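Below, all heavy atoms of this structure are taken into account, side chains as well, without hydrogens, waters or symmetry copies. Because the structure is a prediction, the values reported are computed rather than measured. Naming convention: chains lettered A, B, ... in sequence-line order (proteins, then strands); numbering from 1 in each chain.
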Amino acid sequence: MIDIQLLRKDPEGVARRLATRGEGALDAVLFQRYETARKELQTAVEQAQASRNRIAKDIGMAKGKGQDVAPLVEQGEKLKNLLERSDQKLAELQQEIQDFLRKVPNIPHESVPVGASSEENREERRWGTLRKFDFPVKDHVEVGEGLGGLDFATGAKIAGARFVTMRGPVARLHRALAQFMLDVHTREHGYTEVYVPYMVSGACADGVSSLAKFKGDLFKIEDRDLYLIPTAEYPVTNFVRDEIVELSNLPLKFVCHSPCFRSEAGSAGKDTRGMIRNHQFDKVEILQVVHPSKSYETLEELTGHAEAILQNLELPYRVMTLCTGDMGFSSAKTYDLEVWLPGQDAYREISSCSNFEAFQARRMQARYRGEKGKPELVHTLNGSGLAVGRTLVAILENYQNADGSLTVPNALRGYMDGIERIDRPT
RNA sequence: GGAGAGAUGGCAGAGUGGUCGAAUGCGGCAGACUCGAAAUCUGUUGUACCGCUUGCGGUACCGGGGGUUCGAAUCCCUCUCUCUCCGCCA
């Protein structure tokens, strides 16, 4: 949620900055109208409540002295009727304002390039050299199926389109990747590993993003207020929901390996081949809860942590700053890491690292006890470090050999009984 | 699944219809003592919103929602969660 004080102070300015996101901009006029009505109603209700409280107190005192309270009780009754109606109206209006505000996306940071689509994302840097292949390059589907390790038909039989099954050394490579990522982040980057529920309540989902807006992207458990998590960000960020964290405990740094479930509503026909865009995939997520003054330096650091995985795996990539129109709902600034996929002859997103500033913290009342002893909202950040499925894709494509075998990246051999190559089954 | 007990401020824990936003202890902050620290003593210390504005006033909040009442932390209904016992299960 954006800061309502800021919105009150400068509705036009906020609307202007939000408009750079492209989607239906903030209706500043509607907000002003809400505010005027709310103020008027609230003042009236609170005045009525004040008189009610005074009368109740007077009755108590009069009774204590043994005086007649009938006239006072009658006054109270009258007030009660009046209050009931206006109280309800106020509650409805406040709910409306809440709903309105919770659907407003975060304000982009000033360093974010203004643009309408991914075309206008800004490239920051590139790492690694693209391998030259002296044989026709296959995509990950061909390589994976050739190794007997990826099986989309069985995935489809079990659960439908956009599901995959893995077998043998490829399944193990997939597991090795997750282990490797967890180890690097816990050993070298100071994150604490956490294990979490793979379902969250509606309230938790609305804490990290807008449930009202993005319900369709999630899988919901029938007849329960539970959603399958689309990323570990959902459960892990909610660790600090309704908490006041001691200043000395900041920053909190968590790493979490989890499956992610996405309905991929609205992406019909997009990336239908292979395991680029599945309903279920694994991801290792890194997440930090920090002091507000530190969040932008933390964003650089956290992005570096995700990059370290790609560097260890010697996978070439580039870093993009998402433009205002391409950023997620809750983010103030996002870097995407895009890995080189020779099978697609393109860079593809493999990690997304965002600073949400106080946007999520405000939605879930996550605070720290500030320097002056007052609770203040924390800043939250997270990034994929990395999407495991897509990392496997990148390895299948970048490490493939002419004979259809796959070289195991150096960094993973310790997790694979030291084997250097996965061969085609004979 | 069955039976019972409980949920109060940062934490612990009193309070069973009327000056209760809530005793007390711990913790935090400020001060005194000290070369400094500890101990001790004194004071102070919830959050959100609204209105005039460096202060004051008002309102709401005792797990969530609803009800009874002139008045609810306190009574009633309901939901959620926690604990204990039994059953079942990895």
Side-chain angles (χ1 to χ4, degrees), chain A residues 1-9 11 31-102 195-207 211 221 223-227 235 238-250 252 289 291 358-378:
Chain A
M1 206 158 53
I2 60 168
D3 183 2
I4 189 165
Q5 310 291 3
L6 184 66
L7 187 52
R8 284 190 183 127
K9 231 187 292 162
F31 178 73
Q32 304 262 46
R33 205 168 332 124
Y34 272 145
E35 272 294 280
T36 318
R38 197 214 83 239
K39 257 184 209 171
E40 203 174 304
L41 244 180
Q42 187 168 340
T43 313
V45 167
E46 286 183 359
Q47 268 168 13
Q49 284 169 329
S51 359
R52 179 200 60 194
N53 292 347
R54 205 174 316 110
I55 291 168
K57 223 165 241 187
D58 288 348
I59 292 174
M61 283 198 291
K63 269 198 169 163
K65 290 183 202 145
Q67 295 166 342
D68 176 31
V69 295
L72 280 171
V73 170
E74 197 185 316
Q75 261 188 62
E77 274 169 4
K78 254 187 236 159
L79 253 178
K80 189 185 168 184
N81 291 331
L82 196 135
L83 248 174
E84 256 164 26
R85 277 196 310 271
S86 46
D87 211 14
Q88 198 193 337
K89 256 202 227 153
L90 178 64
E92 279 166 17
L93 182 62
Q94 276 171 333
Q95 188 58 53
E96 245 176 278
I97 296 174
Q98 250 324 284
D99 292 347
F100 171 84
L101 281 175
R102 288 187 86 87
Y195 171 85
V196 297
Y198 299 150
M199 302 176 205
V200 294
S201 66
C204 284
D206 200 58
L211 185 59
I221 306 298
D223 298 329
R224 300 283 302 261
D225 178 37
L226 285 175
Y227 298 83
N238 277 284
F239 274 37
V240 289
R241 168 187 205 77
D242 290 325
E243 294 287 330
I244 299 174
V245 182
E246 287 305 323
L247 186 59
S248 57
N249 289 334
L250 293 181
L252 299 174
V289 176
H291 189 279
F359 188 83
Q360 295 179 325
R362 192 173 292 109
R363 295 174 86 85
M364 60 175 82
Q365 284 302 298
R367 296 172 293 177
Y368 69 100
R369 196 162 291 285
E371 292 76 356
K372 292 181 211 122
K374 288 273 168 204
E376 311 268 3
L377 295 168
V378 296

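When the shell of 6.0 Å around CD of A:Q32 is examined, it contains more than 12 heavy atoms from other residues, nucleotides or ligands. Environment of CD in A:Q88: sparse, with no more than 12 heavy atoms of neighbouring residues, nucleotides or ligands closer than 6.0 Å.
A:E35 and A:R38 are joined by a salt bridge, as a carboxylate oxygen and a charged side-chain nitrogen come within less than 4.0 angstrom of each other.
The closest side-chain donor-acceptor pair between A:Q95 and A:D99 falls under 3.5 angstrom.
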How does protein contact run along nucleotides 52-66 of chain B, one letter per nucleotide 5' to 3', with B for base contact, S for sugar-phosphate only, - for none, heavy atoms under 4.0 Å? ------BSS------
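Regarding A:Q98, its CD atom lies at a distance of 11 Å from the P atom of B:rC49, rounded to whole Å.
Contact annotation for A:E35: no contact, since no heavy-atom pair falls under 4.0 Å across all strands. As judged by a 4.0 angstrom heavy-atom cut-off over every strand, A:L72 is placed among residues making no nucleic acid contact.
Rounded to the nearest Å, the gap between the P atom of B:rC79 and that of B:rC85 is 25 Å.
The main-chain N or O of A:D206 is found under 3.5 Å from a side-chain atom of A:R363 such that the two form a donor-acceptor pair.
If you check residues 77-92 of chain A against RNA chain B, the residues with a heavy atom closer than 4.0 Å are A:E77, A:K80, listed by number.
Between A:Y368 and A:H291, the ring-plane angle classifies as tilted under the 30° and 60° cut-offs.
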